[in-house]
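Hydrogens, waters and symmetry mates are skipped; everything else that's a heavy atom, side chains included, is used. Lettering follows sequence order; numbering is per chain, from 1.
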Amino acid sequence: MIISVASGKGGTGKTTIAVSLALSILEEEVQFLDCDVEEPNASIFLKPRIKEVVPVSIPVPRIDQEKCDFCGKCAEVCAYHALAVLPQEVLVFPHLCHGCGGCNLLCPRGAITEVGREIGTMEIGRSNGMDFIQGRLNVGEAMPTPLIRAVREEAKKRRNPAAVTVIDASPGTSCPVVEAVKGSDFCILVTEPTPFGLNDLALAVEVLRKLGIPLGVVINRSGMGNDKVDFYCQENHIPILLRIPFDREIAVLYSQGIPIVQRKKEYMEKFRGMMNRIQESLLI
Amino acid sequence: MKIGVTSRGDNLDSEVDPRFGRCKYFMVVDPDTLEFEAIENFSLEATSGAGVQSGQLVATKGVEIVLTGNIGPNAFQVLQAAGIKVVTGVAGKVKEAIEKYKRGEFEPTESSNVNSKFGMSGKEE
């Protein structure tokens with residue numbers, strides 16, 4: 001089973017929830033993926049022992065100026081305008097290239113070869129008896145999606161089909177989030193009871209419904225703000241799986257890099273209960 | 001010779017568009033006869049690479065110099081490779097810019113003057 005944790009709004013507590021969920025179900029075989037590759041921080045809480053660091057590259061075009069006749073087909077097909085074909089020269093802008101390979105496919109002169117450009121690394125290890133993989137995008141790099149894809153593929157290769165995979169996604173609702181949650185059996189959306197939390201929650205729900213992924217909501221910092229998230233969930237038939245109060249002690253644990261379930265044992269049961277509820281909802 | 005001017009509209013009385021990659025129109029103007037061609041810039045809506053695409057478009061129009069407000073690094077690199085000079089900081093009407101150019105008031109720049117994505121920040125329209 002694959003459970004992803006996303007949010008829409010940033011800073012609502014995705015990592016808090018993902019980490020505690022994973023630690024509460026250790027009687028199962030668990031694989032933890034930190035797919036928030038622009039800012040992977042689950043390792044602060046899980047303290048994994050990293051055994052392998054694998055560079056991840058995307059293919060970018062290299063032009064053989066001898067073979068090229070400047071027909072311009074490569075620039076025409078490039079949706080990201082990573083190529084400029086001038087009368088006597090072709091310029092490549094590797095940082096704009098998404099590595100789709102379209103230019104190479106369409107070049108009538110075979111003047112394009114693909115060379116790897118490193119965008120980040122995958123760090124693979126173990127933590128608390130779990131398999132742990134995180135992506136880490138290189139600083140200054142604008143394209144997290146291919147790295148997230150690489151992490152998902154690596155995880156799939158290593159995964160025992162009976163294992164539970166917990167995926168910590170990035171905030172937002174664009175490509176990186178889609179890549180991180182894609183193919184999951186269930187997605188937990190973490191929100192806070194504020195207008196910002198609700199606005200971005202509704203966007204995330206739209207994305208997940210389009211992807212056909214069953215979902216439920218965790219309300220973090222419950223007790224602050226207003227009850228509009230509750231109304232929204234009720235109206236849209238979304239289960240509220242768990243509420244975590246707006247509590248100083250929880251904030252202090254977070255600031256010290258300590259997962260809630262390790263210090264506040266009553267949460268062990270709450271997270272297990274949430275997992276049971278998710279599993280039951282998927283059986284219906 | 002021909003001059004390229006980034007423009008908010010499709011005639012010589014239009015204001016110079018302060019953005020290169022995401023300008024509304026490219027005006028390709030003959031400074032002697034003031035004959036011109038107004039080319040609508042479809043890169044305006046591009047999510048990325050507007051500067052590269054605009055630079056390539058201008059390079060195919062045979063202009064020798066571009067007058068604009070601001071230009072980013074990618075567009076500048078394309079124009080430089082194509083041997084096109086760039087003047088930044090140009091404002092006012094397109095025809096005024098052409099006159100100033102003819103009076104020799106402009107000095108081509110040696111580098112881009114804004115970062116990538118500059119043209120996406122301002123809602124000019």
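- For B:K93, there are no side chain to side chain donor-acceptor pair (under 3.5 Å) partners two or more places apart in sequence or in a different chain.
- Taking B:E105 as the reference, B:R103 meet the side chain to side chain donor-acceptor pair (under 3.5 Å) condition, with sequence neighbours excluded.
- Within 6.0 Å of CZ on A:R209 lie more than 12 heavy atoms contributed by other residues, nucleotides or ligands.
- The contact between A:F93 and chain B is made entirely by side chain atoms (from C-beta outward), counting heavy-atom distances below 4.5 Å.
- Within 6.0 Å of atom CZ in A:F186, more than 12 heavy atoms from other residues, nucleotides or ligands are found, so the atom counts as buried in its surroundings.
- The neighbour count for B:F106 CZ, taken as heavy atoms of other residues, nucleotides or ligands under 6.0 Å away, is above 12.
- For A:Y232, the OH atom counts as densely surrounded, since its 6.0 Å shell holds more than 12 non-hydrogen atoms of other residues, nucleotides or ligands.
- More than 12 non-hydrogen atoms from other residues, nucleotides or ligands lie less than 6.0 angstrom from CD of A:Q65.
- Taking non-hydrogen atoms and a 4.5 Å limit, the residue list of residues 57-81 of chain B in contact with chain A, ordered by number, reads B:A59, B:N74, B:Q77, B:V78, B:A81.
- Minimum heavy-atom separation, A:L83 to B:Q56: O-OE1, 3.6 Å.
- Not a single side chain to side chain donor-acceptor pair (under 3.5 Å) links B:E96 to another residue, sequence neighbours left out.
- Considering all non-hydrogen atoms of both residues, B:V52 and A:A84 come closest at CG1-CB, 3.7 Å.
- When atom types are taken as modelled, the side chain of B:Q53 and the backbone of A:H81 share no donor-acceptor pair closer than 3.5 angstrom.
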